Amino acid sequence: MHTSDSVTATHCPYCALQCGMNLRPEPGAVGGVAVEERADFPVNRGALCGKGRTAPAVLSSRVRLTEPLVRTHAGRLEPATWEEALDAVAEGLARTRRSYGADAVGVFGGGGLTNEKAYALGKFARIALGTSQIDYNGRFCMSSAAAAHQRAFGLDRGLPFPLEDIPRTGCVILVGSNPADTMPPALRFFRELRENGGTLIVVDPRRTRTAEQADLHLAPRPGTDLALALGLLHLVVAGGHTDEEFIAERTTGWEEARAGAMAHWPELVERITGVPVPKLREAVALFCAPESAMVLTARGPEQQSKGVDTVGAWINLCLATGRAGRPLSGYGCLTGQGNGQGGREHGQKADQLPGYRKLTDPAARAHVAGVWGIDPDSLPGPGRSAYELLDALGSDVKALLLMGSNPVVSAPRAGHIEGRIRSLDFLAVADVVLSETAALADVVLPVTQWAEETGTTTNLEGRVLLRRRALTPPPGVRSDLEVLHGLATRLGMPKAFPTDAEEVFEELRRASAGGPADYSGITYARIEAEQGVFWPCPSPSRPGEAGSAEAGSAGEEHPGTPRLFLDRFATEDGRARFVPVTHREAAEVPDAEYPLLLTTGRVVAQYQSGAQTRRVDELNEAAPGPFVELHPRLAARIGAVDGAPLAVTSRRGRAVAPARITDTIRADTVFMPFHWPGEGRANTLTNPALDPVSRMPEFKVCAVRVEPA
């Protein structure tokens with residue numbers, strides 16, 4: 001490995017903030033580079049969390065994969081050449097197609113893949129393999145918010161405004177989000193909100209480090225966020241706080257939504273949620289007092305079997321009070337994964353084509369097929385959602401190509417999913433490290449990382465960013481684009497899958513042109529010059545046509561769209577849609593056998609399935625393993641001792657981890673972080689009950705019993 005001679009401006013490989021950082025060559029450092037602050041990038045203004053500061057540690061050959069591995073007849077993964085490994089993958093996929101048909105081959109992607117890789121992976125699945133069976137782990141991230149966005153506004157972008165607007169609004173309701181642990185550099189926006197005289201309301205069953213900083217903390221029982229939002233809207237109506245002019249001019253469906261909310265009177269909502277009526281009234285007073293306000297949700301309300309309706313209820317609250325489509329107001333979702341936004345816009349999802357087009361739309365199929373040079377009728381239709389695809393492994397889906405995901409740790413009902421993965425006829429995994437899932441593969445392909453490749457990501461604001469290559473990867477490592485090119489060549493399509501990221505992005509621009517997520521006016525040069533470009537950004541002339549460069553040089557480029565919906569919403573008539581919703585219980589509620597609720601989440605020093613962060617010594621010292629957080633009253637009742645092992649059992653399995661006794665959680669609830677495999681794997685317990693619209697599993701609430709192990 002060697003570095004370039006100069007400092008490279010790039011972005012963190014972890015969460016959806018995509019914090020700006022500089023990488024400086026430092027031959028003696030772990031990974032060969034040192035991380036420096038990049039104060040000019042507006043999202044983090046130089047600040048980095050521990051994960052970002054230590055990101056180069058995973059570049060070290062000590063912890064990462066540096067040569068392909070192929071499973072031998074003796075059952076061991078042994079080093080192989082790239083030609084041997086790619087031959088084995090191509091033959092495994094082709095053999096499955098010949099024996100069982102194209103849909104017996106599955107493809108599973110990740111929300112950390114760059115836009116170029118996500119685009120190429122979706123294209124590879126549909127034209128090189130001809131399969132409909134592709135989805136990605138971003139389905140587990142913000143698919144419920146995405147579906148609710150689409151229903152209400154006609155367009156899904158995590159935040160319809162930049163983060164810099166947060167300190168300038170009057171009130172923020174933050175629902176099921178703990179940025180102090182999940183995206184620490186973003187916490188400054190909420191601190192500045194309060195310094196500017198605004199108020200922060202945090203909704204969370206735990207008194208997190210974020211909730212500690214709030215003006216008001218509401219701690220509902222897990223799975224009752226929908227009732228809480230409806231109760232607040234009831235009080236808005238009863239208190240005369242609706243914006244009737246906005247409702248009449250810019251929305252439809254209010255009467256039905258209003259009727260649904262009025263059925264959730266405060267005392268009923270207190271009984272369902274456990275949040276006292278005076279606190280409900282205080283929340284409404286704080287939210288309605290200022291001129292502007294926002295509601296921001298994250299995985300808490302979204303990772304539920306009613307996540308779309310829950311987000312819809314919070315959107316209804318914004319619409320009823322005129323807090324949408326106006327400056328410094330609106331509903332937004334705090335995306336989790338590094339490219340969770342871009343990853344779902346360009347073809348990794350089971351039902352979507354590049355540009356956030358619908359796979360079932362004939363015009364969308366015709367446009368993308370034209371870019372790809374194929375017959376639109378040859379494009380497969382929508383496939384299974386992420387959990388349903390994983391659940392079909394070994395039965396309907398016999399072979400799987402997996403990139404940038406670790407479902408053995410991250411999927412709900414993980415023990416069952418691990419069994420499905422083990423039952424595959426063939427599994428190929430492309431990854432940076434030997435994750436728990438990669439360890440089960442027939443072929444493991446070692447791929448480049450963020451600092452070793454060029455590519456774009458799209459952060460939680462819809463800001464398209466560029467990561468520039470700062471390092472030469474180890475000799476035995478190739479990029480995901482090179483992997484797809486090598487496989488496509490073996491499958492008879494050598495020219496359809498270029499290996500140069502900018503060339504892929506140019507094709508992505510053409511494929512997205514005219515779609516909801518239109519990137520056609522975005523170029524690598526513009527991204528670098530403008531600190532990122534917000535989509536939609538249509539080109540004045542189609543990318544690749546004569547004259548497009550001249551249009552740019554004449555200053556006629558579309559400026560990008562930092563703030564959506566200020567003039568109209570993205571629906572046919574330009575009006576936002578109220579969607580009537582009503583509270584329903586979680587798919588699983590406590591009973592005599594499983595009397596408690598489990599909710600899951602993250603800790604500040606680890607990330608997602610921990611496949612990378614668990615290989616960093618500094619992060620492991622800060623967060624060495626799983627734990628079970630429980631209230632002192634519950635601990636006394638069951639005889640739990642702080643630090644002693646606790647067994648948590650659900651209908652799906654049993655996990656064991658040390659007790660962490662704290663009064664910052666509800667007495668009817670226990671919490672486990674989900675970053676670890678083995679006996680402390682939280683997702684052994686979680687419920688795969690799916691939202692009927694988004695197909696999001698119910699990670700955030702299931703019934704359990706807890707006892708000393």
Side-chain angles (χ1 to χ4, degrees), residues 4 6 8-11 13 18 20 23 109 112-124 338-339 341-343 345-348 354-355 368 371-373 403-404 447-459 462-473 477-486 488-489 493-513 515 517-553 557-558 560:
S4 63
S6 58
T8 303
T10 187
H11 296 272
Q18 289 295 281
L23 295 182
L113 300 181
T114 63
N115 290 317
E116 292 81 358
K117 291 191 277 190
Y119 171 83
L121 187 63
K123 179 182 178 183
F124 179 81
N339 198 30
Q341 182 70 54
E345 294 168 1
H346 299 300
Q348 273 193 109
V368 174
V371 174
W372 290 351
M403 283 187 165
V447 292
T448 51
Q449 300 184 53
W450 58 290
E452 302 165 344
E453 61 188 13
T454 294
T456 62
T457 62
T458 306
N459 81 343
R463 189 193 301 251
V464 184
L465 304 168
L466 181 63
R467 295 183 192 155
R468 283 285 189 195
R469 172 169 158 158
L471 295 170
T472 301
V477 172
R478 296 185 183 180
S479 74
D480 294 277
L481 295 179
E482 289 173 317
V483 167
L484 294 175
H485 174 80
T489 298
M493 290 191 168
K495 295 182 179 178
F497 293 89
T499 60
D500 178 74
E502 190 165 9
E503 185 178 347
V504 176
F505 189 79
E506 288 302 303
E507 184 181 309
L508 182 158
R509 292 176 63 206
R510 296 196 301 275
S512 73
D518 191 334
Y519 282 34
S520 63
I522 304 175
T523 63
Y524 277 23
R526 281 195 66 183
I527 296 170
E528 283 192 307
E530 300 173 29
Q531 297 278 33
V533 182
F534 291 85
W535 72 261
C537 182
S539 174
S541 55
R542 295 285 288 275
E545 290 179 352
S548 58
E550 287 80 1
S553 62
E557 300 111 324
H558 189 283

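Predicted model only: the values in this text are computed from it and were never measured.
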Could you walk me through whether N115 and N339 satisfy the side chain to side chain contact (heavy atoms under 4.5 Å, CB included) test, starting with their C-alpha distance in whole Å, then the side-chain angles of each, then the deciding distance to 0.1 Å, before giving a yes or no? CA-CA 8 Å; N115 290 317; N339 198 30; 3.1 Å; yes
Among side-chain atoms of S479 and E453, is any donor-acceptor pair under 3.5 angstrom?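 No.
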Can you find a side-chain donor-acceptor pair between Y524 and T454 that sits under 3.5 Å?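 Result is no, nothing qualifies.
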For [Y], is there any backbone N or O sitting under 3.5 Å from a side-chain donor or acceptor partner on [X]?
| X | Y | answer |
| --- | --- | --- |
| T499 | E482 | no |
| E452 | Q449 | yes |
| Q348 | G343 | yes |
| T114 | K117 | yes |
| H485 | F497 | yes |
| R468 | T8 | no |

How far apart are the closest heavy atoms of [X] and [Y], and which atoms are they?
| X | Y | answer |
| --- | --- | --- |
| C537 | H558 | SG-O, 3.5 Å |
| S512 | A517 | CB-O, 3.4 Å |
| S520 | S539 | OG-N, 2.9 Å |
| T456 | I527 | CG2-CD1, 3.9 Å |

Contact between [X] and [Y] at the side-chain level, heavy atoms closer than 4.5 Å - yes or no?
| X | Y | answer |
| --- | --- | --- |
| T458 | Y519 | yes |
| H11 | W450 | no |
| R509 | I522 | no |
| M403 | F124 | no |

Among T457, T10, N459, which one satisfies side-chain hydrogen bond (donor to acceptor under 3.5 Å, both in side chains) with Q18?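 Exactly one candidate clears the test, T457.
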